[in-house]
There are 2 protein chains.
Amino acid sequence: MQKTLCQNCILQSDAAIKLIKNQLNELTDHCSRVEFKPGEIIFKENAISTNVVYIQRGLVKIHTDNFSKDRILRLTKAPSYLCLPGVLGDSINRFSATTIEPTLACFIDIHVFKKFILENGDFAYQIILALSQNEIKSFQVSLNLAQKQANGRVADALLYFAREIYNSQVFMLPFSRQELGDWMGISRESVSRILGEFHSAHIIYQNGKEITILNEELLEQISQKG
Amino acid sequence: MQKTLCQNCILQSDAAIKLIKNQLNELTDHCSRVEFKPGEIIFKENAISTNVVYIQRGLVKIHTDNFSKDRILRLTKAPSYLCLPGVLGDSINRFSATTIEPTLACFIDIHVFKKFILENGDFAYQIILALSQNEIKSFQVSLNLAQKQANGRVADALLYFAREIYNSQVFMLPFSRQELGDWMGISRESVSRILGEFHSAHIIYQNGKEITILNEELLEQISQKG
DNA sequence: CGATATTTGTGATATGTATCACATAGTCAC
DNA sequence: GTGACTATGTGATACATATCACAAATATCG
């Protein structure tokens, strides 16, 4: 952990930019920055937390193993606030957060965070915008899960990595087949089979965790049709 | 439509209670109240909207027919703000809202709403709390859809109506079997079969849309096990 | 009230995916 | 480098659920 001068931070959130000088000083006093390696736990579900976590750099999964099986609920790419929900409501984390790439996270005291919301409308408005975006995305995830078959879900996942996370047709999957399955709600064997089919059909090229999308249009169609 | 004195409204939201007198006057000037019968459309997806909708009384479904098939994303029981997300982001409704019971809705000018967020931290904080709750619920919906089998989902739906909507073991389903299926992501035939099985096993009593939960504990188990 | 449309139930079948079993490849520790 | 462990691929099978087809019940409307 290291104290940081939030005023000088070049990775401020859209919300933090709205803070005035005094507030930024206060943030500095109640904010600590932590560096995480891939696979490290940022916080665990059911633990009490008095911090809001802001992800400056990196990639994080929100997940739960409530039901004996690990279920990945969402990937969150920096910059982003993590899981305000549980913390704001009753200060219990409803879900776990684990890094999947090297990540830099700020832990902000919840009281200071709440104070900023109450005092600074611009800050609050940015938070509300972000939460609204999350809600739309959650709806889309629900749609996908409820409606699409396994190959549509895998296509979805690949397009998501290519477009939202890596901005590239070529990328290293940060997940095992098992984790991909946990995320999309299908078995690891089915993930293997489907990736194999996509490979055979020259829709993607796969070599272990290395993925190249060869025919994005077709992948998009598969995702759409379910 | 009728103009309403928001100051005197006995159905104010948790957020509106935080408004000061001047703001309530302003709300009155930019708020109209509309009464809906069941099955009426409050707003349609892809339409531009300059209002935030607050549901004072009633029950509403958020849904989409993007993919030719109607998919119900969420039920929203009064009191609640509806779908800030789309409106706040780019003023396009991302989803449709249709009443399923008689509903009283307030249409609030988006600019006034935004002004309140900027000016009144208590108001903003209440909105953030509500959005946070929504997010947790969305995660749970995702978990259910990704993980549970059909009978678990139907059990879920029944418990949801009994506990969250009607607070009673006996209630009239506001949905057809088709709609129940659209909501839980299963076919109408499967819904029929599963309800029939629950009936035979004396877990519920069903007579058309009239449902009585006879063995809540067992239903809970079915929901848990998936 | 009767005619028509809509909703619901139920059997037979098809299909997709989980599960199981096992082989193979890759990774890590010492 | 060797052994142990983990991740991955693949075939056979079982199972859940969609789909189709049709009958029965219910609601709607002139």
Side-chain angles (χ1 to χ4, degrees), chain A residues 37-39 61 67-72 100 143-158 172-201 203-211 222-226, chain B residues 37-39 67-72 100 143-158 172-201 203-211 222-223 225-226:
Chain A
K37 299 195 195 79
K61 68 174 177 180
F67 304 89
S68 76
K69 220 177 165 182
D70 193 53
R71 264 283 304 153
I72 297 169
I100 53 187
L143 272 181
N144 288 347
L145 288 174
Q147 190 164 78
K148 289 183 184 174
Q149 293 184 319
N151 57 356
R153 296 185 195 184
V154 174
D156 246 29
L158 295 175
M172 297 297 290
L173 260 184
F175 281 167
S176 68
R177 307 293 191 258
Q178 179 72 60
E179 281 176 306
L180 246 182
D182 291 337
W183 186 29
M184 306 310 290
I186 53 188
S187 70
R188 65 160 196 87
E189 292 95 329
S190 293
V191 173
S192 276
R193 266 185 269 266
I194 290 165
L195 287 177
E197 284 164 25
F198 287 175
H199 181 86
S200 304
I203 300 170
I204 65 167
Y205 169 83
Q206 67 160 343
N207 182 17
K209 290 196 162 50
E210 184 197 341
I211 301 282
I222 293 168
S223 160
Q224 293 292 333
K225 276 196 294 183
Chain B
K37 298 195 195 80
F67 302 88
S68 76
K69 219 176 167 185
D70 193 53
R71 265 282 304 153
I72 297 168
I100 53 187
L143 272 182
N144 288 347
L145 289 174
Q147 189 165 76
K148 289 183 184 173
Q149 293 183 317
N151 57 356
R153 295 185 196 182
V154 174
D156 247 31
L158 295 175
M172 296 298 289
L173 261 184
F175 281 167
S176 69
R177 306 294 191 258
Q178 178 72 59
E179 281 176 305
L180 246 182
D182 291 337
W183 186 28
M184 305 311 289
I186 53 188
S187 69
R188 65 161 195 86
E189 292 94 331
S190 292
V191 174
S192 277
R193 267 184 269 266
I194 291 165
L195 287 177
E197 284 163 26
F198 287 175
H199 181 86
S200 305
I203 300 170
I204 65 167
Y205 168 83
Q206 67 160 343
N207 181 17
K209 289 196 163 50
E210 183 196 343
I211 301 281
I222 293 168
S223 160
K225 277 196 294 183

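Here the structure is a predicted model, which is why all the values come from computation and not from measurement. Numbered from 1 within each chain, the chains take letters A, B, ... in sequence-line order.
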For this session: Can you check each nucleotide of nucleotides 14-30 of chain D against protein heavy atoms at under 4.0 Å and return B for base, S for sugar-phosphate only, - for none, in 5' to 3' order?
Result: --SSSBB----------
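Not a single side chain to side chain donor-acceptor pair (under 3.5 Å) links B:Asn151 to another residue, sequence neighbours left out. Residues satisfying the side chain to side chain contact (heavy atoms under 4.5 Å, CB included) criterion with A:Ala157, sequence neighbours excluded, are A:Leu180, A:Trp183, A:Met184. Checked against side chain to side chain donor-acceptor pair (under 3.5 Å), B:Gln178 has the following partners two or more places apart in sequence or in another chain: B:Asp182.
The interatomic distance linking A:Lys225 (NZ) with C:dG16 (C1') rounds to 15 Å, in whole Å. Rounded to an integer number of Å, the gap from A:Arg177 CZ to C:dG26 P is 12 Å. Atom CG in B:Leu173 sits roughly 15 Å away from atom P in C:dT7 (whole-Å rounding). Following rounding to the nearest Å, A:His199 (NE2) and D:dT10 (P) show an atom-to-atom distance of 10 Å. Atoms CZ (A:Phe198) and C1' (D:dG9) sit 16 Å apart, rounded to a whole Å. Computed from coordinates, the A:Glu210 CD to D:dT8 P distance equals 15 Å when rounded to whole Å.
Interatomic distance, A:Ile194 CD1 to A:Ile203 CD1, rounded to the nearest 0.5 Å: 11.0 Å. The distance from atom CG of A:Leu173 to atom CG of A:Leu158, rounded to the nearest 0.5 Å, is 6.5 Å.
Phosphate proximity of D:dT8 to A:Lys209: present, with a side-chain N or O under 4.0 Å from OP1 or OP2.
When the local axes at the two ends of the helix from C:dC1-D:dG30 to C:dC30-D:dG1 are compared, using 5 base pairs at each end, they differ in direction by 60° after rounding to 10°.
Nearest approach of A:Lys209 to A:Phe175, heavy atoms of both residues: CE-O, 3.3 Å.
Between the A:Lys148 side chain and the A:Ser223 main chain, a donor and an acceptor come within less than 3.5 Å of each other.
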Report all side-chain donor-acceptor pairs from residues 186-193 of chain A shorter than 3.5 Å, counting only partners two or more places apart or in another chain.
unit_1, atom_1, unit_2, atom_2, d
A:Ser187, OG, A:Ser190, N, 3.3
A:Ser187, OG, A:Ser190, OG, 3.1

